[in-house]
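Worksheet: the structure to be examined is printed underneath.
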Amino acid sequence: MNYIRELNAFYDRLETSPLSTSAIALWHALMHINNKAGWIDTFAVAVSVLSIKTGLSERTITNARHELKQKGFIDFQSRKGNKSAMYKMISLSAINADSFSYNLSDSSSDSVSGNASALFKQNNTKPNNLLPATHARSDDDPFLIYQQEIGKFTETIKDFMIDWLDGGYFEEPKSILVEAIKEAAIHEKRSWAYIDRVLRRCLQENVKTLGEMRQKKADHEQAKLAKVTPIRGGGRWCSQSAQKSSYRCSKTYHKRRSRTPQQAGQLQRAHAPSAWTRVAS
C-alpha cells in the first residue's frame, strides 16, 4: 500500500462520499498506525490509543468507525472481552482508479458544500489538489500560510504536515504549525526542514500549546542576551578576560608611579573592571 497514493484517493473519494470530521481524524490515525506496522492486512489497536491520537472520546470513535465501515473506507471486527478490535484498511486507490472523475456535477457539488470538508472551487479557478479538504480556507490554515510564506509544497511535505496536525503530538497542532512556518519566514529559512526542526524541538521540550511555544522561544532569546549584552555609547568593546589582561597592565603601571601604598590602593579600586567595560578607542 502506498501512503501518498492512498491519501490522494481518500481526499478524492471525500468529494463524492463525505465524512464527518471525527471519521476523517480516525481514518488518518488508523493509516498512521498501519504505516508504522508495515502495512499488514489486519492489525489490532486499543480504543484508548485511538483516543490519544485523535482527541476523540471512546463513544465518538465507536460511531466514527461504524461510519467508515458503512461507507467502505475500512473494515473492522470487534472481539470479546478486553481484546482490541481488529482493523483492515481498504485500498481506496485501487477502487478510485477507474471510477473517480475530477469534474463534479452541480448536484454533487451542492451536496458536499454544506459539509465541514467542503471542496474548493475547481471551475474557473486553477485547482490545487495538494490542499487537504479537511482544512478549510482561513487566515490560520497552515497549508495556505505555507504557500504564502514558504512556497509550493509537494505531496511528501503535505503528508508530513498532516501527520503533525493529526498525530496527537500537540494540544494546539494547527497554531503551533502556523507559528513554526512564520518563524521560518522571519528567519529567512524558507524550507520544510527548518519547520520540522522547530516542531521536533517543541516535541522534545514537551510543548503542547501555542502559549508554551512562545514562552520557550522567549526564554531562549533571553538566554542568548544573557551571554552577550551589548553596550552602546561609542568606542570598542572587549570581553571580561581581555579586560582583566588590560587591567593587570594598568595596575602595574600605576603601582610603579605610586608614591605611597595608600595611593596605590586608591588607584586599584578606581580601575577595577566590571563584567563588561568600555575601552576608549
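Numbering starts at 1 and runs along the sequence shown.
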Verify the cluster assignment for [X] and [Y]: are they in a single hydrophobic cluster under the rule of side-chain heavy atoms below 4.5 Å apart?
| X | Y | value |
| --- | --- | --- |
| M86 | L68 | no |
| M31 | I40 | yes |
| V49 | Y87 | yes |

Would you check if [X] and [Y] make a side-chain contact, meaning some heavy-atom pair closer than 4.5 Å?
| X | Y | result |
| --- | --- | --- |
| Y169 | R200 | no |
| E205 | H220 | yes |
| T42 | D75 | no |
| W192 | I150 | no |
| D196 | F160 | no |
| H28 | L7 | yes |

[atom1] of [X] to [atom2] of [Y]: how many Å apart, nearest 0.5 Å?
| X | Y | atom1 | atom2 | result |
| --- | --- | --- | --- | --- |
| L165 | F170 | CG | CZ | 10.0 Å |
| W27 | S22 | CH2 | OG | 16.0 Å |
| L177 | I181 | CG | CD1 | 4.0 Å |
| I162 | F143 | CD1 | CZ | 5.0 Å |
| T156 | M161 | OG1 | CE | 13.0 Å |
| E6 | W39 | CD | CH2 | 7.0 Å |

- prompt: Which of these, K216, K217, Q222, Q215, sits in a side chain to side chain donor-acceptor pair (under 3.5 Å) with D219?
  reply: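 The passing option is Q215.
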task: For the pair S17 (side chain) and L14 (backbone), establish whether a donor and an acceptor sit closer than 3.5 Å, ignoring hydrogens and angles.
output: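 A pair under 3.5 Å: no.
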- request: Please check if the side chain of E171 supplies one atom and the backbone of K208 the other of a donor-acceptor pair under 3.5 Å.
  value: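 No; judged by distance alone, with no hydrogens or angles, the pair does not exist.
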message: Pair T54, D166 - check side-chain contact (heavy atoms from CB on, under 4.5 Å), show working.
response: CA-CA 7 Å; T54 61; D166 300 333; over 6 Å; no
Considering all heavy atoms of both residues, which atom of [X] and which atom of [Y] are nearest to each other, and what is their separation?
| X | Y | value |
| --- | --- | --- |
| R65 | I74 | O-CD1, 4.1 Å |
| A46 | S84 | CA-OG, 3.4 Å |
| M89 | L30 | SD-CB, 3.7 Å |
| A184 | I195 | CB-CG1, 3.7 Å |
| E67 | P18 | OE2-O, 4.5 Å |
| A29 | L50 | CB-CD2, 4.3 Å |

- prompt: Where does the angle between the aromatic ring planes of F73 and F10 fall among parallel (under 30°), tilted (30 to 60°) and perpendicular (over 60°)?
  reply: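 Geometry flag for F10 against F73: perpendicular rings.
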task: Salt-bridge test for E179 and K182: reply yes if a basic N is under 4.0 Å from a carboxylate O, no otherwise.
output: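 Not counted as a salt bridge, because no side-chain N and carboxylate O are separated by less than 4.0 Å.
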query: Ion pair present between R190 and E188, side-chain N to carboxylate O less than 4.0 angstrom?
result: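 Here R190 pairs with E188 in a salt bridge, since their nearest N and O are under 4.0 Å apart.
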message: So for atom CZ, which belongs to R201, do other residues, nucleotides or ligands contribute more than 12 heavy atoms lying within a distance under 6.0 Å?
response: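 For R201, atom CZ is crowded (more than 12 foreign heavy atoms under 6.0 Å).
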message: Looking at K71, I want to see if its NZ is surrounded by more than 12 non-hydrogen atoms of other residues, nucleotides or ligands under 6.0 Å.
response: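 Counting other residues, nucleotides and ligands, NZ of K71 exceeds 12 neighbours.
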task: Could I get the full list of salt bridge (Lys or Arg N to Asp or Glu O under 4.0 Å) partners for R197, not counting sequence neighbours?
output: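 For R197 there are no salt bridge (Lys or Arg N to Asp or Glu O under 4.0 Å) partners, ignoring immediate neighbours.
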query: Is there a side-chain contact (heavy atoms from CB on, under 4.5 Å) between L26 and I61 once you walk through the steps?
result: CA-CA 7 Å; L26 179 60; I61 290 174; 4.2 Å; yes
task: Could you please spell out the steps behind the side-chain contact (heavy atoms from CB on, under 4.5 Å) verdict for I157 and Y146?
output: CA-CA 10 Å; I157 293 176; Y146 184 94; 3.5 Å; yes
task: Could you walk me through whether K158 and N8 pass the side-chain contact (heavy atoms from CB on, under 4.5 Å) test, one step at a time?
output: CA-CA 11 Å; K158 183 191 73 172; N8 288 332; 3.2 Å; yes
